[in-house]
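Order of listing sets the numbers, starting from 1, for every ligand and every atom in it. What you see is a predicted model; the values in this text were computed from it and never measured. Because only heavy atoms are used, hydrogens play no part in the values below, and waters and symmetry mates are left out as well, while side chains stay in.
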Amino acid sequence: MKRIGVLTSGGDAPGMNAAIRAVVRSAIYNGVEVYGIRRGYAGLLARDFVEMSLGSVGDIIHRGGTILRTARSEEFKTKEGMEKAVNNIKQLGIEGLVVIGGDGSFRGAAELAKRGVPTIGIPGTIDNDIPFTDYSIGFDTAVNTVVEAVNKIRDTATSHERTFIIEVMGRESGHIALYSGVACGAETILVPEKPYTIKGVCDKIMSGYKRGKLHSIIILAEGAGNAFEVGQKIKEMTGLETRVIVLGHLQRGGTPTAFDRILASQMGGKAVELLLNGVSDKMIGWVKGELVVTDLEKIFSAQKPLNEELYNLASVLAI
Ligand code: ADP
C-alpha cells in the first residue's frame, strides 16, 4: 500500500485532530503517503485534497474542531456522486480511506467499501451514540464542558434558590445528559431512552425543597423534550422560578481532554495498521478498555444502549 486518504465528516468533535495526526504519523512511519481530504465527502467529490507531511499535523493535538474541516454532502449519496467519489479516489492512487465521523459517515464508508475502496471508520461524535464502542471521540470533552458550565450555573442557582433546566446535546440519545448529570450531581436527568412525566419531575423538586435544598438542577437531553416548554410547565405546576439554559454548540468546541486525545491517537494508529493488513469495511471501537474491530454493517442495525447501571445509580444519588 503506497497511499491512503483521511477525512472527517458529519458533525465535528474535539479530538478529531488527534485522530488525523495519528493516522498521518502512523502511515508515514510505515512508509505510506497520506492525502487529507478536506470537507468530508463534499471535498472528495470536489477533489479538495492536500498531501499531509509529518509537520502538517504538528501543533494540532490540543485543538478542537478538525483541521480538515467537515461537511455534509447530499450529492455523495447519489449513484452518480458515489461513482465520482470512487473515480477520484482511484485517480489519486488512494488505496485505503480512514473516515472519522458518525453513523451517516460510516454508511458512506460502507458504500465505498462495496465499490472496492478499503475503508476503516473511527467513531467521532460528541453524542456517543455509536454502538460497539463504549466511547466515541469528543464525548468525554463534551461532558467535561457541560460539567464546567453547570458548576457556574450551580453558584447562581444556589444564591437565588432557583430551578435550572439545562439542555444538552445528544440528538436522539441521552449519553451526554446521563454522564454530565451524574458528574454534576443533578437532581433530575431527563433522557429520550426513559419516559418521564412533568408531574414526577415536579414532585421530586418539591420534596427536595421541603427538606431544605436551595436549588434544583435538571439536565435535559435535547431529544427528551423542549427545555423552554419543560421550564414553563414546571413553573406553572410548582410556582417556582425556573430558568432555562441551552448550552448548544459550545459543547462541540474546546481543547480535547487527555482521554479523548489518547482514544483518538490509539484509534488513528489502529486504522492504519488495519488498512496495511488488508482489513476493510470495519469500525474501530473501544470496549472495556480495549480496541475492538466491528463490521460497519453491524452498526447500522444496532442501537447504543444507555448505561442502565449508571442511570439507576443517578436516581439513587439524587434521592
Ligand atoms: P454523521 O456522520 O455525524 O452521522 P451525517 O449523518 O450528516 O453525519 O453524515 C455525514 C455524511 O455522510 C452525509 O452528508 C453524506 O454525505 C454521508 N452519508 C450519510 N448517510 C449516507 C448513506 N446512507 N449512504 C452514503 N452516504 C451517506
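Protein heavy atom closest to atom 7 (O) of ligand 1, with residue, atom name and distance, is R72 NE, 2.4 Å. Counting protein heavy atoms only, atom 22 (C) of ligand 1 is closest to R107 CB, 3.5 Å. Regarding atom 26 (N) of ligand 1, its nearest protein heavy-atom neighbour is G108 CA, 3.4 Å. Of the protein's non-hydrogen atoms, G10 CA, 3.4 Å is the one closest to atom 8 (O) of ligand 1. Protein heavy atom in closest approach to atom 2 (O) of ligand 1: S105 OG, 2.5 Å. When only non-hydrogen protein atoms are considered, atom 11 (C) of ligand 1 lies nearest to S9 OG, 3.7 Å.
Using a 4.0 Å heavy-atom cutoff, D103 is listed among the residues neighbouring ligand 1.
Counting only N and O atoms by type, the side chains of D127 and S173 include no donor and acceptor under 3.5 Å apart. For the residue pair Y41/S105, the side-chain donor-acceptor check at 3.5 Å is not satisfied.
Near F76, the atoms of ligand 1 lying under 4.0 angstrom from a non-hydrogen atom of the residue are 16 (O), 26 (N). Taking every heavy atom of G102 and a limit of under 4.0 angstrom, the matching atoms of ligand 1 come to 1 (P), 2 (O), 3 (O), 4 (O). Below 4.0 Å from some heavy atom of G11 lie the following atoms of ligand 1, by number and element: 3 (O).
Checked by atom type and distance alone, the side chain of N17 pairs as donor or acceptor with a backbone atom of R63 at under 3.5 Å.
When ring centroids are compared, F259 and Y135 come within the 6.0 Å threshold.
Residue contacts with ligand 1: E111 is placed with no nitrogen or oxygen under 3.5 Å of a nitrogen or oxygen of the ligand (distance criterion only). Polar contact check, G104 against ligand 1: a nitrogen or oxygen pair lies under 3.5 Å apart. Backbone and side-chain nitrogen or oxygen atoms of Y41 are examined, and none is located within less than 3.5 angstrom of a nitrogen or oxygen of ligand 1. Residue S73 has at least one N or O atom closer than 3.5 Å to an N or O atom of ligand 1.
Proximity of R261 to T255: side-chain heavy atoms (C-beta onward) are separated by under 4.5 Å at one or more points. Within the 4.5 Å cutoff, side-chain heavy atoms of E75 are placed close to those of K84.
We find the CD1-OG1 distance between I37 and T8 to be 10.0 Å, quoted to the nearest 0.5 Å. In this structure, CD1 in I299 is found 10.0 Å from CZ in R107, a value given to the nearest 0.5 Å.
For the pair R38 and F49, the cation does not sit on the ring face, since its NZ or CZ is not both under 6.0 Å from the ring centre and inside 45° of the axis.
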